[in-house]
> 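Following this message is one structure expressed as structure tokens.
Here is the naming used below: chain letters follow the sequence lines, and residue numbers restart at 1 for every chain. Because the structure is predicted, anything quoted here is derived from the model rather than measured.
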Amino acid sequence: MNTSFHQKVKYVIKKIPRGKVATYGQIAAFAGNHRAARQVAWVLHSSSRKDKLPWHRVVNSEGRISLRPNYGYETQKELLKKEGIKFDENDRIDFKNYLWDPWMMLQ
DNA sequence: AACCTGACTTCGG
DNA sequence: TCCGAAGCCAGGT
């Protein structure tokens, strides 16, 4: 397809279902470059607002929120909790229950 | 016009 | 297993 990495990233983020999360690496891989996780972060930073992306459903590979406290961490955690996602005692999300696999939607 | 900086992850020793 | 380096690339300075 003649779709840019940037566009693919936005497309797949919009497809993350409510109550699920995906990681930067997964999204990068799905968009065609498994080592471009930082670009996924950049896409979120630059266009999550104007394109109304469910930005809060993207977390890091440890199942943790990457934003720093007082710079969005609390906001993201609150949004996820509102969707029914639970955090363990170490503030991690259990992937067994909440990780979404982008490739599932191709079926 | 270089150089730095990230909402990160994978790779190789 | 662990840890530094590499990969990624648009914006800001």
Side-chain angles (χ1 to χ4, degrees):
Chain A
M1 231 203 213
N2 192 16
T3 316
S4 71
F5 179 82
H6 185 100
Q7 289 173 312
K8 288 180 186 168
V9 168
K10 289 196 292 190
Y11 172 82
V12 67
I13 290 174
K14 285 180 186 171
K15 295 288 186 181
I16 304 174
R18 229 183 103 82
K20 293 285 182 179
V21 296
T23 70
Y24 297 90
Q26 272 184 311
I27 293 167
F30 189 85
N33 189 339
H34 74 287
R35 290 194 284 197
R38 295 191 81 170
Q39 298 336 290
V40 174
W42 184 86
V43 170
L44 286 173
H45 190 80
S46 61
S47 39
S48 60
R49 181 177 296 241
K50 77 174 164 75
D51 291 327
K52 300 189 174 77
L53 302 177
W55 59 272
H56 57 284
R57 297 181 187 141
V58 183
V59 298
N60 68 29
S61 61
E62 299 184 308
R64 290 194 171 90
I65 292 171
S66 287
L67 292 171
R68 295 170 20 230
N70 296 315
Y71 290 89
Y73 178 93
E74 295 84 356
T75 305
Q76 183 171 9
K77 188 171 181 180
E78 203 51 43
L79 286 168
L80 291 175
K81 279 179 161 180
K82 229 182 274 185
E83 298 191 349
I85 292 176
K86 302 282 194 294
F87 290 78
D88 69 14
E89 62 280 1
N90 298 313
D91 265 358
R92 291 195 315 110
I93 293 168
D94 184 0
F95 281 159
K96 280 196 157 52
N97 296 322
Y98 302 113
L99 185 65
W100 176 68
D101 179 0
W103 283 276
M104 291 273 290
M105 73 182 178
L106 295 181
Q107 293 179 2

> Would you say B:dT9 has OP1 or OP2 under 4.0 Å from some side-chain N or O of A:S61?
yes
> Please step through side-chain hydrogen bond (donor to acceptor under 3.5 Å, both in side chains) for the pair A:E83 and A:H56, ending with a clear verdict.
CA-CA 10 Å; A:E83 298 191 349; A:H56 57 284; 3.0 Å; yes
> Starting at atom CG of A:L67, determine the distance to atom P of B:dG6, rounded to an integer number of angstrom.
13 Å
> Rounded to the nearest angstrom, tell me the gap between atom CZ in A:R38 and atom P in C:dA6.
14 Å
> In whole angstrom, give the distance that lies between atom NZ of A:K8 and atom P of C:dC9.
13 Å
> Measure from CD1 on A:I13 to C1' on B:dC8 and round the result to the nearest Å.
13 Å
> Within this structure, what is the CD-to-C1' distance between A:Q76 and B:dC8, rounded to whole angstrom?
14 Å
> Using the rule that two of Ile, Leu, Val, Met, Phe, Trp, Tyr join whenever any of their side-chain heavy atoms come within less than 4.5 Å, decide whether A:Y11 and A:M104 are in one cluster.
no
> Can you tell me how far P of B:dA7 sits from CH2 of A:W42, to the nearest Å?
14 Å
> In terms of hydrophobic clustering (I, L, V, M, F, W, Y; side-chain heavy atoms under 4.5 Å; direct or indirect links), are A:L106 and A:V9 co-clustered?
yes
> Taking atom P in both B:dT5 and C:dA5, compute the distance separating them and give it to the nearest angstrom.
16 Å
> Should the pair A:K77-A:D91 be classified as a salt bridge under the 4.0 Å nitrogen-to-oxygen rule?
yes
> Could you state the atom-to-atom distance from NE2 of A:H6 to C1' of C:dG11 in whole Å?
13 Å
> Looking at A:H34, does any N or O in its side chain come under 4.0 Å of the phosphate oxygens OP1/OP2 on B:dC11?
yes
> If you assign A:R35 and A:Q39 each to the DNA chain B nucleotide with the nearest heavy atom, which residue ends up on the more 5' nucleotide?
A:Q39
> Please state the C1' separation for the pair B:dA7 and C:dG4 - nearest whole angstrom.
22 Å
> To the side chain of A:S66, which of C:dC8, B:dA7, B:dT9 is closest?
B:dA7
> Give one of base, sugar-phosphate or nothing for A:S48, where a contact means two heavy atoms less than 4.0 Å apart.
base
> What nucleotide among C:dA10, B:dA7, B:dT9 has an atom nearest to a side-chain atom of A:W55?
B:dA7
> Does the side chain of A:E78 pick up a donor-acceptor pair with the side chain of A:T75 at under 3.5 Å?
no
> In this structure, how many angstroms lie between the C1' atom of C:dC8 and the OH atom of A:Y24, rounded?
15 Å
